[in-house]
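Below: one structure, written as structure tokens.
Letters A, B, ... are given to chains in the order of the sequence lines, protein chains preceding strands, and every chain is numbered from 1.
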Amino acid sequence: MKQKIKNLILLAVRSAHQKGDLPSDDIVETEVDEPKAEAHGDFSTNIAMVMASVQKMPPRKIAEVITRHIEDPEGILEKSEIAGPGFINFFLKPAVWHPVLREIHEADTRYGATDIGKGQKFQVEFVSSNPTGPLHVGHGRGAAVGDAVANILSFCGYDVQKEYYINDSGRQIHTLGQSVFLRYQEMLGQKVKFPDECYQGDYIRDLAAEIKSQKGDALLGQPEEEALMICARFAAEKILDGIRDDLKLFGVEFDCWFSEQSLYDSGRVDQILDIFRNQGIIYEKDGALWFKTSDFGDEKDRVVVKNNGETTYFASDIAYHQDKYDRGFERVVDVWGADHHGYIPRMKAAVEASGHRRDQFDVILVQLVNLLRAGEPVAMSTRAGKFETLKDVINEVGRDAARFIFLTRHYESALDFDLEVAKQKSNDNPVYYVQYVHARISSIVRKGNEQGTCEVSWDDKAVARLIEPEEIDLIKTLARYPDVLAGSAKSMEPHRVTYYLMDLASAFHAYYNKHRVLTDDPQLRCGRLNLVLAVQKVIRNGLTLLGVSAPDTM
RNA sequence: GCGCCUGUAGCUCAGUUGGAUAGAGCAACGGACUUCUAAUCCGUAGGCCGCAGGUUCGAAUCCUGCCAGGCGUACCA
């Protein structure tokens, strides 16, 4: 629709120029917007203002010339008028909107899908929590955002893969093994000192108990380092299983689980370090190896191999990202917690140093989640072992509410997640507001079927009966959906879909309260059923992208 | 100190990438259920868009400088 208006304008400008009414036919970047105020019509353009300097004419004068030359072969315009400093506002005939319903009817679950991605290979990596403890709410937000972004991109024509990176190597895993082994020794009656840097949570004791029941006291007879590694591997695997289960419970599935250790096993880490060394962007200082990230915009150089010979996580991250591009991804998106933002410049540096453009690498920085219970903060710290796990949260408030709430805010702003509010089935908690639309429409259809009056097949004449302002308003909202998705995909901001759904829900509830769908007039009833079914499809479609269910009853 | 994020109605937040009179929800107040689910709707009230400059036809949005809060600034992960 917007495109049609655009064409009308372009043609008008051209014809005005040909007839000598406009000195230039330079089409500057024209914009056609949907104004927020109804009084400003269905669409409006600022072209006259933008052209003012080129045409050397006052904006209102240009607007007047353009409107005079507008032809409307299809007869879609009710009227157009000039307003304010030089806007041209277009008012469409209500009937122009009806075909949108047909489009939805035909596209069904694919309505809103576009090909703006043109099959570009994208990878979205998210959660990637270390297997040293269970997922907490913060990870939940990352999971909800990453999953929704990937879904939306994919729906808009990008070729998207979802990946989880497993930090199954290095210091943290060692510490995990140590923590478990100490608890194990403790259980077998040994006196141990449990250091602060070890993981304090109860789950460490559970893991130790499991090892004890499987192996008895066998580990005590082994060299400490060996016993410790056995504990580490066992624990990491168990915890990772738990993470997988939690994510499944949360409705998040990954296409690929990528192991950090595999990068060492295959020699990728050494390989990329060699390459960088040959390029002269790695040097030795104080017994350590440094990568000259400062050559690529970082504020200082970074260590890749410590003076004790251990590689840093940064080293394997370089190899990991190199590997992503080798796998053919044209763009790589990492979803990180905001506390990692200092890591971005060095990662960008690594991407650039290995021969890729900076803009092929994006980081979505998800701000922190403050978990509250009735306004009171709930303490969270993996180390201290005091935290509310994601699983607990899902069990308490439900998956749908949790996912929706995580997506009701721009990811760049911190989120207060109040467990009591999330449980409320009120308008404080908009997930139900949106789901209720779906349930209500299902209910209408059920009722219609009971009465045997539910004629839901497509019928142009019936749809043409939809002339109430609330009906046109609803259809206009439905028509916006593809644009919303495209904008959400381009900006990688899933919350736009969330807000759109709340808008659509609001338009529907208003309509529902004012007009009856199952009327005695069969044709009107059919038209209205077609309308609400279209609404239901879009609601379901949007909720699905967000990972939220669309219930038939509530 | 430096860097990133945030600052919009009493509270929680949107604001279509620079558009017209800045919008929702909650809380407050007043209304609507013998009719398809009241987890809903309708109405009233509520604003130096942190502050001060700048850019232009036009700024909550872009630039500069301040102020406040959060986070980061390791041979930690």
Exercise. Do the ring centers of A/Tyr500 and A/Tyr481 come within less than 6.0 Å of each other?
Worked result: yes
Problem set entry | Interatomic distance at P, B/rC62 relative to B/rC4, whole Å | 14 Å
Exercise. Between A/Ser413 and B/rA14, does any side-chain N or O lie under 4.0 Å from OP1 or OP2?
Worked result: yes
Exercise. Using the glycosidic torsion, which applies to B/rU17: syn (within 90° of 0) or anti (everything else)?
Worked result: syn
Exercise. Looking at the rings of A/Tyr411 and A/His495, which for Trp means the six-membered one, are their centres under 6.0 Å apart?
Worked result: no
Seminar exercise, completed: Paired to B/rU64 by Watson-Crick or G-U wobble criteria (both distances under 3.5 Å) is B/rA52
Exercise. Within the structure shown, what part of the strands sits under 4.0 Å from A/His340 by heavy-atom distance: base, sugar-phosphate, or nothing?
Worked result: base
Exercise. Do A/Asn167 and A/Gln172 get their side chains close enough for a donor-acceptor pair, meaning under 3.5 Å?
Worked result: no
Exercise. When rounded to the nearest Å, what value does the distance between C1' atoms of B/rC29 and B/rA45 take?
Worked result: 8 Å
Seminar exercise, completed: Across every strand shown, the nucleotide meeting Watson-Crick or G-U wobble geometry with B/rU44 (both distances under 3.5 Å) is B/rA28
Problem set entry | Between B/rC13 (C1') and A/Met502 (CE): distance, integer Å | 9 Å
Exercise. Taking CD from A/Glu310 and C1' from B/rA77, how many angstroms apart are they, rounded to a whole number?
Worked result: 12 Å
Problem set entry | Any donor-acceptor N or O pair under 3.5 Å, side chains A/Arg302, A/Tyr343 | no
For this session: Assess whether atom NZ of A/Lys61 is packed by more than 12 heavy atoms of other residues, nucleotides or ligands within 6.0 Å.
Result: no
Problem set entry | Side-chain N or O of A/Lys306 closer than 4.0 Å to phosphate OP1/OP2 of B/rA74 | no
Seminar exercise, completed: Closest to the 5' end of RNA chain B, once A/Val305 and A/His410 are matched to their nearest nucleotides, is A/His410
For this session: With heavy atoms under 4.0 Å as the rule, sort A/Ala37 into base, sugar-phosphate or nothing.
Result: nothing
Seminar exercise, completed: Applying the 3.5 Å cut-off to both distances, the Watson-Crick or G-U partner of B/rU21 turns out to be none
Exercise. Using a cut-off of 4.0 Å on non-hydrogen atoms, how would the nucleic acid contact of A/Asn307 be classed: base, sugar-phosphate, or nothing?
Worked result: base
For this session: Indicate syn or anti for B/rC71, taking the glycosidic torsion and treating anything within 90° of 0 as syn.
Result: anti
Protein-nucleotides 16-19 of chain B N/O pairs closer than 3.5 Å?
{"from": "B/rU17", "atom 1": "O4", "to": "A/Arg496", "atom 2": "NH2", "distance (Å)": "3.3"}
{"from": "B/rG19", "atom 1": "N7", "to": "A/Asn46", "atom 2": "ND2", "distance (Å)": "3.2"}

Seminar exercise, completed: Across every strand shown, the nucleotide meeting Watson-Crick or G-U wobble geometry with B/rG58 (both distances under 3.5 Å) is none
Exercise. Touch check for A/Arg516, heavy atoms < 4.0 angstrom, all strands: base, sugar-phosphate only, or nothing?
Worked result: base
Exercise. How about A/Tyr283 and A/Phe291: are their ring centres within less than 6.0 Å of each other?
Worked result: no
Exercise. Any side-chain donor-acceptor pair under 3.5 Å between A/Ser316 and A/Glu260?
Worked result: yes
Problem set entry | Along RNA chain B (nearest heavy atom to each residue), the more 5'-positioned of A/Ala439 and A/Gly84 | A/Gly84
Exercise. Under the criteria of a ring-centre distance below 5.5 Å and an interplanar angle below 30°, is A/His40 stacked with the base of B/rA20?
Worked result: yes
Seminar exercise, completed: Among B/rA77, B/rA39, B/rU6, the one nearest any side-chain atom of A/Thr312 is B/rA77
Exercise. Hey, does A/His515 reach any base, or is it just sugar-phosphate, or nothing, if we go heavy atoms under 4.0 Å?
Worked result: base
Exercise. NA contact type, A/Asp286, heavy-atom cut-off 4.0 Å: base, sugar-phosphate, or nothing?
Worked result: base
Exercise. Can you find a donor-acceptor N/O pair under 3.5 angstrom joining the side chain of A/Asn89 to the base of B/rA20?
Worked result: yes
Problem set entry | Nearest-Å distance once atom P is located in both B/rC2 and B/rG46 | 43 Å
For this session: For the side chain of A/Tyr436, starting at C-beta, report the closest nucleotide among B/rC5, B/rU40, B/rC36.
Result: B/rU40
Exercise. Which listed nucleotide (B/rU40, B/rU6, B/rC4) is nearest to the side chain of A/Leu365?
Worked result: B/rC4
For this session: Any chance you could lay out the side chain to side chain contact (heavy atoms under 4.5 Å, CB included) test for A/Arg496 and A/Leu485, step after step, and finish with the verdict?
Result: CA-CA 8 Å; A/Arg496 296 192 189 197; A/Leu485 284 183; over 6 Å; no
Exercise. How would you label the contact of A/Asp552 with the nucleic acid (heavy atoms, under 4.0 Å): base, sugar-phosphate, or nothing?
Worked result: base
For this session: Assess A/Arg440 against A/Phe508: is NZ or CZ under 6.0 Å from the centre of the six-membered ring, and within 45 degrees of the ring's axis?
Result: no
For this session: Taking atom P in both B/rG50 and B/rG15, compute the distance separating them and give it to the nearest angstrom.
Result: 15 Å
For this session: Could you check whether A/Thr519 gets within reach of a base, just the sugar-phosphate, or nothing at all, counting any heavy atom under 4.0 Å?
Result: nothing
For this session: Provide the Watson-Crick or G-U wobble partner of B/rC4, both distances under 3.5 Å; none if there is no partner.
Result: B/rG70
Exercise. Is A/Ala83 touching bases, backbone alone, or none of the nucleic acid, heavy atoms closer than 4.0 Å?
Worked result: base
For this session: Please state whether the phosphate of B/rA39, meaning OP1 or OP2, lies under 4.0 angstrom from any side-chain nitrogen or oxygen of A/Tyr432.
Result: no
Exercise. Around A/Glu420, counting heavy atoms of other residues, nucleotides and ligands shown, do more than 12 lie under 6.0 Å from its CD?
Worked result: yes
Exercise. What nucleic acid atoms does A/Ala510 come within less than 4.0 Å of, heavy atoms only: base, sugar-phosphate, or nothing?
Worked result: sugar-phosphate
Exercise. Picking from B/rA14, B/rU73, B/rC36, which would you name as closest to the side chain of A/Glu299?
Worked result: B/rU73
For this session: Look at the side-chain N and O atoms of A/Tyr433 and state whether any lies under 4.0 Å from the OP1 or OP2 oxygen of B/rC41.
Result: yes
For this session: Using the P atoms only, state how far B/rG23 lies from B/rA27, rounded to an integer number of Å.
Result: 22 Å
For this session: Please state the P separation for the pair B/rU61 and B/rG54 - nearest whole angstrom.
Result: 14 Å
Exercise. Is A/His509 touching bases, backbone alone, or none of the nucleic acid, heavy atoms closer than 4.0 Å?
Worked result: sugar-phosphate
Exercise. Under 4.0 Å between a side-chain N/O of A/Arg171 and OP1 or OP2 of B/rA77, yes or no?
Worked result: no
Exercise. Can A/Ser44 and A/Asp33 be counted as having a side-chain donor-acceptor contact under 3.5 angstrom?
Worked result: no
